[in-house]
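A quick note: this is a predicted structure, and the numbers were derived from the prediction, not measured. First the proteins, then the strands, lettered A, B, ... as listed; each starts at 1.
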Amino acid sequence: MPILSYREAIRTTLIEEMDRDPTVILLGEEIGLYQGTFRMTADLLERYGPRRVIDTPTSEIGFVGAAIGMAMLGLRPVVEMMTWNFSLVAFDQIVNNAAKIRYFSGGQVDIPLIIRGPNGAGVQLSAQHSQSFEALYAHIPGLHVVAPATPAEAKGLLRTAIRGSDPVIFLEHAALYGSKGEVPDGEFAVPFGAADVVRSGRDVTIVAYSRMLGTALEAAAHLAGEGIEAEVINLRTLRPLDRSTIVESVGRTHRAVVVQEQWRPFGAAAEIVATITEGAFDALDAPIERVTGADVPMPYARNLELMALSNAGDIMRAVARTLYREIPTPNGRSSGGQSDA
Amino acid sequence: MADLQSALSWYRRMVLVRRFEEETERAFRRGKIGGYLHVYSGQEAVAAGFISAMRGDDICFTSYRDHAIALLRGSPPGAVMAELYGKAAGLARGKGGSMHLFDVGRGFYGGYGIVGGHIPLALGAAYALRYQGSDRVCLCFLGDGAMNTGAFHESLNMAGLWGQTGHCPLVLIVENNGYAMGTSVARSSAVTDLASRFTAYAIPSERVDGMDFQTVRLAAERAVADARASGRPTAVEAVTYRFAGHGAADVVQPYRSKEEVEQARRRDPIRLLEGHLRAAGLLDDAAAEAIREEAEQAVLAAVRHSEDSPPPSPEALHADVYGKEA
């Protein structure tokens with residue numbers, strides 16, 4: 001299998017799907033002449049021309065809404081949201097139109113629309129450019145919410161998204177764009193709603209997605225050195241959520257730590273914790289722990305920003321609490337990233 | 001005039017729309033129709049004029065004041081009324097209601113409840129039609145209030161841009177009925193010549209008397225032909241008047257005087273067209289009475305159909321949230 005970066009995996013999939021299906025078109029800010037803010041669409045304007053690679057003005061309402069209209073007429077638009085922070089401008093289009101038109105029309109139209117772009121914190125981008133909106137979108141019926149953690153998933157989930165018939169919120173993570181991994185060739189696709197048990201273990205279940213999967217795996221490797229075998233679940237999609245894989249795992253490990261980058265209150269982890277209590281309450285040997293970002297707008301100063309983000313040490317300490325034991329952690333004292341204390 | 005000859009059939013449909021809306025107001029007061037109800041009375045010449053200029057395979061979008069669009073596009077009155085009644089036989093299977101009529105088979109891509117929110121959809125739909133290589137045209141009805149939304153301005157700018165390469169066969173119809181809910185145009189728009197606002201986006205526009213069917217129709221035919229031939233957007237401001245309140249609950253109407261409404265009613269679009277038809281010898285008392293009776297029977301049949309139809313099945317609750325499995 002070829003080794004590709006997360007970025008290359010997405011770009012390659014866009015090319016494969018555009019070659020295969022002329023109804024797939026791209027819209028977004030700076031995706032053409034500029035080559036994409038993160039170079040995701042490099043050379044695609046040259047390759048497919050301005051009818052299929054549409055540079056839009058700074059008009060999120062306009063181009064997201066237009067993409068919905070295109071999808072209603074049978075095209076498969078893939079919108080690049082330069083970052084998900086800007087999606088709030090188009091929130092009405094996404095929530096009131098994309099998610100609902102199929103339903104309130106009585107099923108008369110498909111909305112095969114993908115909106116993709118980076119979600120989450122970067123490096124010192126401060127409050128307006130460092131947000132994680134997965135819970136916001138996963139709350140809305142009619143949307144799929146996807147958050148790939150690896151290059152292979154990025155490819156497989158994007159292919160499923162483009163060939164589907166409903167709007168997909170495709171949450172990438174800029175911190176992962178350069179990360180590399182094996183990516184299957186050809187028609188490889190990853191179904192929605194199928195979590196991946198990335199690492200098996202008997203002592204505790206760690207649930208993560210997107211960038212926090214890597215942090216969870218780092219914690220799991222350290223924990224193994226302490227004789228603690230963590231099972232790590234990568235959700236891959238938040239809506240649909242693979243509840244049975246989570247519940248089944250906790251049924252075996254009896255302990256759970258749920259990790260997310262976003263703010264703690266009403267976040268994705270809260271839904272996952274509720275899922276565990278609903279499905280595996282009797283199996284639990286300890287309260288479920290959440291490891292989340294700090295409940296503050298993202299600060300600019302690097303030391304404060306690092307405190308606002310969770311790290312492997314935070315996850316290890318949370319695991320230790322579920323096991324009622326003390327373990328040495330690499331990050332010393334707890335960071336500002338919140339975990340249940 | 002061959003022109004007026006065909007106007008007779010649109011007169012017939014306008015009479016049906018008016019009678020239909022009277023009945024929806026009655027059904028609303030009787031509690032048969034729930035939610036919000038926005039009737040079209042007074043504006044019939046606008047929708048009729050533009051829909052008369054549409055080809056069978058053209059498409060349209062509109063706001064929540066959408067009953068007339070469906071009826072004039074040919075949706076069965078029984079299915080429209082059943083939707084308002086929340087019945088399974090409704091145009092949208094009882095899932096949308098008054099604000100979300102849809103009849104994709106007839107090129108009607110929906111009524112939308114967020115002011116201005118449907119304009120970018122129409123923009124994208126117009127692009128898709130041209131992208132697919134057809135010469136179909138997309139019509140977008142919007143109210144004067146929608147011109148003050150961000151969605152309007154973003155869409156219009158993009159329409160102007162896409163039109164430069166002939167990729168935007170979009171006809172924008174501003175139904176200027178004087179009020180955005182209770183706020184008059186003078187109190188909500190810095191310029192009251194609304195057609196002039198399109199010049200900012202290099203979109204040709206004209207302002208017409210929206211109460212006169214023939215005038216609207218001629219403007220519509222020009223706009224539709226232009227959009228079809230050039231792939232560029234074009235706009236028409238049709239100056240009309242909303243005889244009823246904003247919604248069925250808007251009874252007191254402290255924002256306008258009774259005299260103003262009565263003044264407007266003197267230029268009732270249906271009576272204006274009737275006058276033209278009578279003057280041309282195309283309509284007499286007996287024919288007019290027959291048309292009214294035909295509308296009466298169609299509306300009563302629609303009500304009976306809606307009363308007798310079952311509500312959606314419980315299984316419908318979870319249907320059509322998503323399409324086929326991803």
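Proximity of A:I61 to B:F152: side-chain heavy atoms (C-beta onward) are nowhere separated by under 4.5 Å.
Counting heavy-atom pairs closer than 4.5 Å to chain A, the top residue among B:P312, B:G113, B:A92 is B:A92. Listed options A:L27, A:D92, A:D110 were ranked by heavy-atom pairs under 4.5 angstrom with chain B; first place goes to A:D92. Ranked by non-hydrogen atom pairs under 4.5 Å with chain A, the options B:A159, B:P120, B:A126, B:A151 are led by B:P120. When each of A:G62, A:P167, A:P50 is checked for heavy-atom pairs under 4.5 Å with chain B, A:G62 comes out on top. Ranked by heavy-atom pairs shorter than 4.5 Å toward chain A, the options B:L317, B:T165, B:L156 are led by B:L317. For chain B, the option among A:V109, A:I101, A:T56 with the highest count of heavy-atom pairs below 4.5 Å is A:I101. Options A:A189, A:P57, A:A161 differ in how many heavy-atom pairs under 4.5 Å they form with chain B, and the most are formed by A:P57.
Taking CG of B:L121 as the reference point, atom CD1 of A:I111 lies at 8.0 Å (rounded to 0.5 Å). Atom NE2 of B:H118 sits about 13.5 Å away from atom CD1 of A:I68, to the nearest 0.5 Å. In this structure, CZ on B:R130 lies 13.0 Å from CG on A:L73, to the nearest 0.5 angstrom. A:I54 CD1 to B:M158 CE: the interatomic distance, rounded to the nearest 0.5 Å, is 7.5 Å. Rounding to the nearest 0.5 Å places CG of B:L161 at 11.0 Å from CG of A:D55.
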Legend entry - Steps toward side-chain contact (heavy atoms from CB on, under 4.5 Å) verdict (B:H318, A:Y103): CA-CA 9 Å; B:H318 290 285; A:Y103 194 80; over 6 Å; no
Legend entry - Full working for side-chain contact (heavy atoms from CB on, under 4.5 Å) between B:Y112 and A:F104: CA-CA 10 Å; B:Y112 296 84; A:F104 68 54; 3.9 Å; yes
Inset, instruction - Could you walk me through whether A:L75 and B:Q132 pass side-chain contact (heavy atoms from CB on, under 4.5 Å), step by step? - result: CA-CA 9 Å; A:L75 301 188; B:Q132 290 158 340; 3.8 Å; yes
Inset, instruction - Could you go through the side-chain contact (heavy atoms from CB on, under 4.5 Å) check for B:L123 and A:F63 one step at a time? - result: CA-CA 9 Å; B:L123 165 72; A:F63 67 75; over 6 Å; no
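Within 6.0 Å of the CD atom in B:E307, the count of heavy atoms belonging to other residues, nucleotides or ligands exceeds 12. Dense packing is recorded around NE2 of B:H305, with more than 12 heavy atoms of other residues, nucleotides or ligands lying under 6.0 Å away. The neighbour count for A:F91 CZ, taken as heavy atoms of other residues, nucleotides or ligands under 6.0 Å away, is above 12.
Contact annotation for residues 95-104 of chain B against chain A (heavy-atom separation below 4.5 Å, listed by residue number): B:K95, B:G96, B:H100, B:F102, B:D103, B:V104.
Checked by atom type and distance alone, the side chain of A:Q108 never pairs as donor or acceptor with a backbone atom of B:G105 at under 3.5 Å. Checking side-chain atoms of B:Y131 against main-chain N and O of A:R52 turns up no donor-acceptor pair under 3.5 Å. For A:N96 (side chain) and B:I114 (main-chain N/O), no donor-acceptor pair under 3.5 Å exists by modelled atom type. For B:Y322 (side chain) and A:L143 (main-chain N/O), a donor-acceptor pair under 3.5 Å exists by modelled atom type.
Only the backbone of B:A319 has a heavy atom closer than 4.5 Å to any heavy atom of chain A.
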Counting only pairs under 3.5 Å, give me each side-chain donor-acceptor contact of residues 15-22 of chain A, with atom names and distances, residues two or more places apart or in other chains.
residue : atom : partner : partner atom : Å
A:E16   : OE1  : A:R159  : NH2          : 2.4
A:E16   : OE2  : A:K155  : NZ           : 3.4
A:E17   : OE1  : A:R163  : NE           : 3.0
A:E17   : OE2  : A:R159  : NE           : 2.8
A:E17   : OE2  : A:R159  : NH2          : 3.3
A:E17   : OE2  : A:R163  : NE           : 3.4
A:E17   : OE2  : A:R163  : NH2          : 2.9
A:D19   : OD1  : A:Y48   : OH           : 2.7
A:D21   : OD1  : A:T23   : N            : 2.8
A:D21   : OD1  : A:T23   : OG1          : 2.7
A:D21   : OD2  : A:T23   : OG1          : 3.1

